[in-house]
Amino acid sequence: MVYDVVVVGGGPSGATAAMDLAEAGKSVALIDRDGRIKPCGGAIPPRLIADFDIPDSQIVARIKTARMISPTARQVDIPIENGFVGMVDREHFDEFLRVRAAAAGATRLTGTFLRIERETDATYVVYRDKETGTSHKIRTKLIIGADGARSNVARGEVPGGDTIPYVIAYHEIIKAPKSDKYDPDRCDVIYDGAISPDFYGWVFPHGASASVGMGTGIQGIDLKEATKALRASSGLTDCETIRREGAPIPLKPLKRWDNGKDVVLAGDAAGVVAPSSGEGIYYAMVGGRVAATAALATLETGKVGNLTMARKLFMGEHKTVFRVLGAMQDAYYKSDERRERFVSLCHDVDVQRLTFEAYMNKKLVKARPMAHLKIMAKNLAHLTRLIPATS
């Protein structure tokens with residue numbers, strides 16, 4: 001059999017691409033290693049729930065408040081107006097997406113991607129079957145690489161795919177406590193250099209459990225010790241640990257997502273995790289969708305130049321948001337003094353409203369220009385130290 005597309009990687013990005021292609025009537029194979037769970041806070045915005053038809057059964061918690069915590073333990077609670085942030089557990093959410101792709105007609109293959117082989121008139125994906133340990137070759141017209149931040153597909157096929165910058169994220173899933181310090185409807189984001197000198201820590205409710213973790217791009221940081229300290233400061237030391245997970249999280253979209261022949265990247269493999277927030281599920285699924293769109297156009301026209309559509313479509317909608325969030329991370333994550341100022345900035349009601357309107361809808365809000373000017377002025381005042389860090 002010759003598949004139209006082989007998708008390497010069965011996370012949110014790869015599973016979405018496989019489902020879209022199968023629903024379009026294309027023959028698709030989805031290769032996934034199985035059993036791997038990515039460390040992830042699990043937050044998904046309402047736009048994801050609507051755009052990708054996520055059922056209520058996958059939402060394990062509905063967050064109504066975000067608490068920002070500074071290096072000096074100052075707290076700013078930001079209410080989430082007119083909705084909620086949904087939380088999912090990747091152990092179950094990713095499998096739900098894979099099952100849905102299979103129901104649409106995709107062929108699931110469980111194993112490890114090894115390489116791409118090309119002959120004069122044929123392209124093959126080689127993988128090792130998990131059950132038998134034997135290698136198999138499957139013939140395909142196109143390949144979507146959705147195999148994570150250190151993608152083997154990207155490394156071997158796409159220029160720059162072997163140099164993508166990343167942070168390492170680590171979290172522990174714990175049993176949710178019954179404590180006055182813990183609110184099952186609130187996400188805590190901890191901006192403290194003692195936890196992460198260049199990113200942040202988090203405590204995100206997952207219903208009966210919670211995700212507690214942090215990320216850093218600095219070598220030598222003991223992620224487990226940092227998470228232990230975070231659990232202690234959050235009153236979560238005695239909670240039962242269910243599982244521990246760690247993985248790289250990309251910091252910047254690649255400048256190119258295709259090889260000009262038969263491969264296009266999606267999700268973490270393409271580097272599409274939002275700066276500053278580290279949000280990845282929504283952007284991964286959008287990345288899978290645009291990769292499928294590019295693959296469909298290529299299959300229908302025979303023009304491999306259509307593979308560039310994936311990046312063009314994605315960046316056309318999300319480039320500005322990524323630039324703003326990248327500038328925010330560069331400005332405020334460099335020191336505890338800057339992090340203190342960032343939390344102070346979050347006191348501003350306009351900052352709170354515009355931030356969550358943008359998060360919920362996945363676009364910058366242009367309806368209140370005076371609010372934007374006010375935020376810009378206060379931002380500059382903090383960065384130039386014209387106002388105290390605790391104001």
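Just so it is clear, the structure is predicted and the values come from calculations on it, not from any experiment.
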>> Can you list everything that forms a side chain to side chain donor-acceptor pair (under 3.5 Å) with Asp4? Sequence neighbours excluded, please.
In response: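 So Asp4 forms a side chain to side chain donor-acceptor pair (under 3.5 Å) with Ser27, Lys141.
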> Quick one: does NZ or CZ of Arg339 land under 6.0 Å from the six-membered ring centre of Tyr191, within 45 degrees of the ring axis?
Replying inline: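 Relative to the ring axis of Tyr191, which defines the angle, Arg339 lies outside at least one limit.
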Should the pair [X]-[Y] be classified as a salt bridge under the 4.0 Å nitrogen-to-oxygen rule?
| X | Y | answer |
| --- | --- | --- |
| Arg118 | Asp262 | yes |
| Asp336 | Arg338 | no |
| Glu279 | Arg47 | no |
| Asp32 | Arg98 | yes |
| Asp20 | Arg289 | yes |

Do [X] and [Y] get their side chains close enough for a donor-acceptor pair, meaning under 3.5 Å?
| X | Y | value |
| --- | --- | --- |
| Ser211 | His171 | yes |
| Asn306 | Thr301 | yes |
| Asp198 | Thr216 | yes |
| Glu340 | Thr72 | yes |
| Arg231 | Thr241 | yes |
| His318 | Thr320 | no |
| Arg74 | Ser344 | yes |

> Ala122: what forms a side chain to side chain contact (heavy atoms under 4.5 Å, CB included) with it, not counting sequence neighbours?
Replying inline: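 Result, side chain to side chain contact (heavy atoms under 4.5 Å, CB included) vs Ala122: Tyr124, Arg139.
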Determine whether more than 12 heavy atoms belonging to other residues, nucleotides or ligands lie under 6.0 Å from atom [atom1] of [X].
| X | atom1 | result |
| --- | --- | --- |
| Lys224 | NZ | no |
| Arg33 | CZ | no |
| Asp222 | CG | yes |
| Arg128 | CZ | no |
| Arg243 | CZ | yes |

Could you tell me which non-hydrogen atom of [X] sits nearest to which non-hydrogen atom of [Y], and how far apart they are?
| X | Y | answer |
| --- | --- | --- |
| Ala15 | Gly10 | CB-O, 4.1 Å |
| Leu251 | Pro275 | O-CG, 4.3 Å |
| Ala295 | Ile144 | CB-CD1, 4.5 Å |
| Ser151 | Ala269 | CB-CB, 3.6 Å |

>> Measuring only between side-chain heavy atoms, which start at C-beta, is Val126 closer than 4.5 Å to Ile116?
In response: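 Heavy-atom side-chain distance check fails, nothing below 4.5 Å.
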> How far apart are the C-alpha atoms of Lys38 and Asp268, what are their side-chain angles, what is the distance that settles it, and do they pass the salt bridge (charged side-chain N to carboxylate O under 4.0 Å, His left out) test?
Replying inline: CA-CA 11 Å; Lys38 182 181 176 182; Asp268 281 10; 2.4 Å; yes
> Relative to the ring of Phe342, is the ring of Tyr332 parallel (under 30°), tilted (30 to 60°) or perpendicular (over 60°)?
Replying inline: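 Answer is tilted, since the angle falls between 30° and 60°.
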>> For residues Phe113 and Tyr3: do they belong to one hydrophobic cluster (side chain heavy atoms under 4.5 Å, members Ile, Leu, Val, Met, Phe, Trp, Tyr)?
In response: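 Yes, same cluster.
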> Stepwise, does the side-chain contact (heavy atoms from CB on, under 4.5 Å) test hold for Val263 with Leu142?
Replying inline: CA-CA 6 Å; Val263 172; Leu142 298 175; over 6 Å; no
> Which distance, rounded to the nearest 0.5 Å, do you find between the CD of Glu91 and the CD1 of Ile173?
Replying inline: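 One gets 8.5 Å once the value is rounded to the nearest 0.5 Å.
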